[in-house]
Amino acid sequence: MSLPLRHPHTTPATAAEAEAIQLGLRRHTVLDGSGPAPGAPGTVAGVDVAYDDGRDLVAAAAVALDAVTLEVVDRATAVGPVAFPYVPGLLAFRELPAVLDALGRLRRTPDLVVCDGYGIAHPRRFGLASHLGVLTGLPTIGVAKNPFTFRHQPPAPHRGAFTPLLDGDTEVGRALRTRDGVKPVFVSPGHRVTLDGACAHALDLATHYRLPETTRQADRLCRQALSAA
DNA sequence: GCGACAG
DNA sequence: ATCTTGTCGC
């Protein structure tokens, strides 16, 4: 089976073409909070990919968790050839083909998807999570391990503290502390989620570790799928 | 022009 | 992302 897409998924031949596609899709971004409320029942999926440059392979994983208990309820993987090179700002074109494949193999469509990367915290306000959200119509957020090119002050040392992630004067995301005294994560909305909502979801999903349980599970599974391929 | 730059 | 052992600490 596969996921119905609201917009065609395309693999561009050049970076310039990719930027044009990106700008076209960007107009469909919605940040109205029509996605699930934090704490609401349902499923949350984490997606991630791993690469084997030597074999030109990419492996993606989608792991669905119960949004309330954080128990794993479903998992799926997809392995295929790498379709696009790594270009900062164009990561979606490299990761999404395999991710869409894996997501489509879940038994049930998740109510929220958590990406390992950015949503609107992006040089053109359209990162990986934004791209995935617009293509599928699903609510998405991005939780990254690094601040990319954006400025921020360190948040207070306690869990839940945050500071704005700034692109000039615009708050495009937040540096959010998910554990006391541990390096923050960098959260931004992708699609159908507000910035406040994205942070609340990230905090709910990262209770025991720095990273959301969704990304931890997906990271483990895609590495496993790659080594098994 | 060069470097930096999510994964 | 990936190449990679042990080690310190809760």
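What you are looking at is a predicted structure, and each value in this text was computed from that prediction instead of being measured. Here is the naming used below: chain letters follow the sequence lines, and residue numbers restart at 1 for every chain. Both backbone and side-chain heavy atoms feed into the values below; hydrogens, waters and symmetry mates do not.
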Minimal heavy-atom distance between A:Leu90 and A:Glu19, with the atoms involved, is CD2-CG, 4.0 Å
Between A:Arg94 (side chain) and A:Val87 (backbone), is there a donor-acceptor pair under 3.5 Å? no
A:Asp167 bridged to A:Arg151 by N-O distance under 4.0 Å: no
What are the bounds, 5' to 3', of the part of DNA chain C that sits under 4.0 Å from heavy atoms of chain A? C:dA1 to C:dT2
Positive for side-chain contact (heavy atoms from CB on, under 4.5 Å) with A:Tyr51, one of A:Leu57, A:Val82, A:Asp56: A:Val82
Counting any heavy atom closer than 4.0 Å, what does A:Arg223 reach on the DNA or RNA strands: base, sugar-phosphate only, or nothing? sugar-phosphate
Checking side-chain polar atoms at under 3.5 Å, does A:Ser34 have a donor or acceptor matched by the opposite partner on A:Arg192? yes
Look for any protein N or O under 3.5 Å of an N or O in nucleotides 4-7 of chain B and output each such pair with its distance, or none.
unit_1 : atom_1 : unit_2   : atom_2 : d
B:dA6  : OP2    : A:Tyr86  : OH     : 3.3
B:dA6  : N7     : A:Gly89  : N      : 3.1
B:dA6  : N6     : A:Gly89  : O      : 3.2
B:dA6  : N6     : A:Leu90  : N      : 3.4
B:dA6  : N6     : A:Leu91  : N      : 3.2
B:dA6  : N6     : A:His122 : NE2    : 3.3
B:dA6  : N1     : A:Leu128 : N      : 3.1
B:dA6  : N3     : A:Tyr118 : N      : 3.3
B:dG7  : OP1    : A:Lys145 : N      : 3.2
B:dG7  : OP2    : A:Asn146 : ND2    : 2.7

Would you call A:Arg107 and A:Asp74 a salt bridge, taking side-chain N to carboxylate O under 4.0 Å as the test? yes
Nearest 0.5 Å please: distance from the CG atom of A:Leu91 over to the CG atom of A:Leu96. 8.0 Å
Using only heavy-atom distances, determine whether the side chains of A:Arg108 and A:Thr43 contain a donor-acceptor pair under 3.5 Å. yes
